[in-house]
Engineer: 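Pasting a structure below so you can have a look.
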Amino acid sequence: MDSNTHRIRLRAAWHRQIGTSYDRVDLPDIQPALCDSPLHYWRSFNCPTGLTEQSLVVLRVEAWLGLLSIRLDETLLAEGLSPQTAPWEMDITTLIKSAHRLQLDLKPNLPMGLDIESAEQMQVGLAGIVILQIVDSAS
């Protein structure tokens, strides 16, 4: 990692919901869910401190099981990402404000019209960490 890059791990304080079941988890979530309905993770975070006009803020999701959609507040950042595209990252500098809600939704990665036969295909979850990378391009 470059010396002008600061990483903030969004490890704790995640909420997880499957249907009407709700709990709190830390990432990586070591117990992927077996389900045929969407799995939702969300957490809040505040604007990183010390940002300058030259700072770049990048959201990074390391690994997941299932098809991933990512929403920051009301903005859809990505939809239908397969685990093979991991890691995923995006510059969110222009979206930064004082407080945020990050939501990651996962659904089983099953081909259309295929009956659910494999529990492995039904696994969904955040198998990796979520990071905010702050890059100061002035350094």
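Index from 1, following the sequence. Because the structure is a prediction, the values reported are computed rather than measured.
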Engineer: Look up atom CG in Leu59 and atom CD1 in Ile70, then write down how far apart they are to the nearest 0.5 Å.
Structural biologist: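 That separation rounds to 6.0 Å.
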
Engineer: Please report the shortest heavy-atom distance between Pro28 and Ala127, naming the atom on each side.
Structural biologist: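 Smallest heavy-atom distance, with atoms named: CB-O, 3.3 Å.
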
Engineer: Between the main-chain N or O of Ala78 and the side-chain N or O of Trp88, is there a donor-acceptor pair closer than 3.5 Å?
Structural biologist: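 Here the side-chain-to-backbone pair does not exist.
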
Engineer: From Leu104 CG over to Ser69 OG, what is the distance, rounded to the nearest 0.5 angstrom?
Structural biologist: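 Nearest 0.5 Å value for the CG-OG distance: 9.5 Å.
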
Engineer: Should Leu95 and Leu56 be counted in the same cluster of Ile, Leu, Val, Met, Phe, Trp and Tyr side chains packed under 4.5 Å apart?
Structural biologist: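 Different hydrophobic clusters.
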
Engineer: So does Val135 get a backbone contact from the side chain of Thr5, meaning a donor-acceptor N/O pair under 3.5 Å?
Structural biologist: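 No, Thr5 side chain to Val135 backbone: no donor-acceptor pair under 3.5 Å.
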
Engineer: Of Thr94, Ile96, Ile8, which is the lone residue that meets side chain to side chain contact (heavy atoms under 4.5 Å, CB included) with Val57?
Structural biologist: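 Exactly one pass, corresponding to Ile96.
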
Engineer: Has Ser21 got a side-chain atom pairing as donor or acceptor with Ile18's backbone, closer than 3.5 angstrom?
Structural biologist: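 Here the side-chain-to-backbone pair does not exist.
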
Engineer: Locate the shortest heavy-atom distance separating Pro48 from Leu51; write the atom from each residue and the value.
Structural biologist: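 Answer, listing the atom of Pro48 first, then Leu51: O-CG, 3.5 Å.
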
Engineer: Would you compute the distance between atom NE2 of His100 and atom CG of Leu132 and round it to the nearest 0.5 angstrom?
Structural biologist: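 It is 8.5 Å, given to the nearest 0.5 Å.
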
Engineer: Hydrophobic clusters here meaning ILVMFWY residues chained together by side-chain heavy-atom distances under 4.5 Å, can you tell me if Leu39 and Leu68 are in one?
Structural biologist: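 Yes, it is one cluster - the side chains of Leu39 and Leu68 are joined through contacts under 4.5 Å.
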
Engineer: Is a side-chain donor-acceptor pair under 3.5 Å present for Asp29 with Gln31?
Structural biologist: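 Gln31 vs Asp29: no donor-acceptor pair found between side chains.
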
Engineer: I'd like to know if the side chain of Asp73 and the backbone of Thr75 have a donor-acceptor N/O pair within less than 3.5 Å.
Structural biologist: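 Flag not set: sc Asp73 to bb Thr75 has no pair under 3.5 Å.
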
Engineer: Under the side-chain contact (heavy atoms from CB on, under 4.5 Å) criterion, do Leu102 and Trp42 qualify, and how do the steps go?
Structural biologist: CA-CA 5 Å; Leu102 177 60; Trp42 70 92; over 6 Å; no

Engineer: Under 4.5 Å between side-chain heavy atoms, counting indirect links through other Ile/Leu/Val/Met/Phe/Trp/Tyr residues: same cluster for Leu77 and Leu27 or not?
Structural biologist: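 Yes.
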
Engineer: Under 4.5 Å between any side-chain heavy atoms of Pro38 and Asp105, yes or no?
Structural biologist: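 Sidechains of Asp105 and Pro38: no contact.
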
Engineer: In terms of heavy-atom contacts, does CZ of Arg101 have more than 12 from other residues, nucleotides or ligands at under 6.0 Å?
Structural biologist: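 Yes.
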
Engineer: Looking at Ile30, I want to see if its CD1 is surrounded by more than 12 non-hydrogen atoms of other residues, nucleotides or ligands under 6.0 Å.
Structural biologist: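 Atom CD1 in Ile30 is not crowded, with 12 or fewer foreign heavy atoms closer than 6.0 Å.
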
Engineer: With no hydrogens and no angle check, is any side-chain donor or acceptor of Arg7 less than 3.5 Å from a backbone partner on Ile131?
Structural biologist: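 Side chain of Arg7 to backbone of Ile131: no pair is present.
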
Engineer: Of the non-hydrogen atoms in Asn46 and Ala99, which two are nearest, and what is the gap between them?
Structural biologist: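 Asn46 and Ala99 have their closest heavy atoms at OD1-CB, 3.7 Å.
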
Engineer: State, yes or no, whether a side-chain contact exists between Leu10 and Arg43 at a heavy-atom distance under 4.5 Å.
Structural biologist: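 SC-SC contact between Leu10 and Arg43 confirmed.
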
Engineer: Find out if a path of hydrophobic residues (ILVMFWY) with successive side-chain heavy-atom gaps under 4.5 Å connects Val58 to Val61.
Structural biologist: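 Looking at the clustering, Val61 is in a separate group from Val58.
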
Engineer: When you measure from the side chain of Tyr41 to the backbone N and O of Trp14, does any donor-acceptor pair fall under 3.5 Å?
Structural biologist: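 Checked: no pair found.
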
Engineer: Between CG of Asp136 and NE2 of His6, what distance do you get to the nearest 0.5 Å?
Structural biologist: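 Asp136 CG to His6 NE2: 12.0 Å, rounded to 0.5 Å.
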
Engineer: Indicate, with yes or no, if Trp64 and Leu72 share a hydrophobic cluster defined by side-chain heavy-atom contacts under 4.5 Å among Ile, Leu, Val, Met, Phe, Trp and Tyr.
Structural biologist: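 Result: yes, single cluster for both.
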
Engineer: Give me the atom names and distance for the closest heavy-atom approach of Thr93 to Ser55.
Structural biologist: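 That would be CG2-O, 3.6 Å.
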
Engineer: Quick one, Leu106 and Leu67 - any side-chain contact, counting heavy atoms below 4.5 Å?
Structural biologist: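 Side chain of Leu106 against side chain of Leu67, heavy atoms only: no contact under 4.5 Å found.
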
Engineer: What distance do Ile92 atom CD1 and Gln133 atom CD have between them, rounded to the nearest 0.5 Å?
Structural biologist: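 If I round to the nearest 0.5 Å, the distance is 10.5 Å.
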
Engineer: So which of His40, Arg16, His15, Gln17 actually passes side chain to side chain donor-acceptor pair (under 3.5 Å) with Tyr22?
Structural biologist: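 The option that passes is His15.
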
Engineer: Using every non-hydrogen atom in the two residues, find where Ala63 and Ala86 come nearest and quote the distance to one decimal.
Structural biologist: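 Shortest heavy-atom contact: CA-CB, 4.2 Å.
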
Engineer: Roughly how far apart are Arg60 CZ and Met90 CE, rounded to 0.5 Å?
Structural biologist: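 Answer for the CZ-CE pair, Arg60 versus Met90, is 15.0 Å.
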
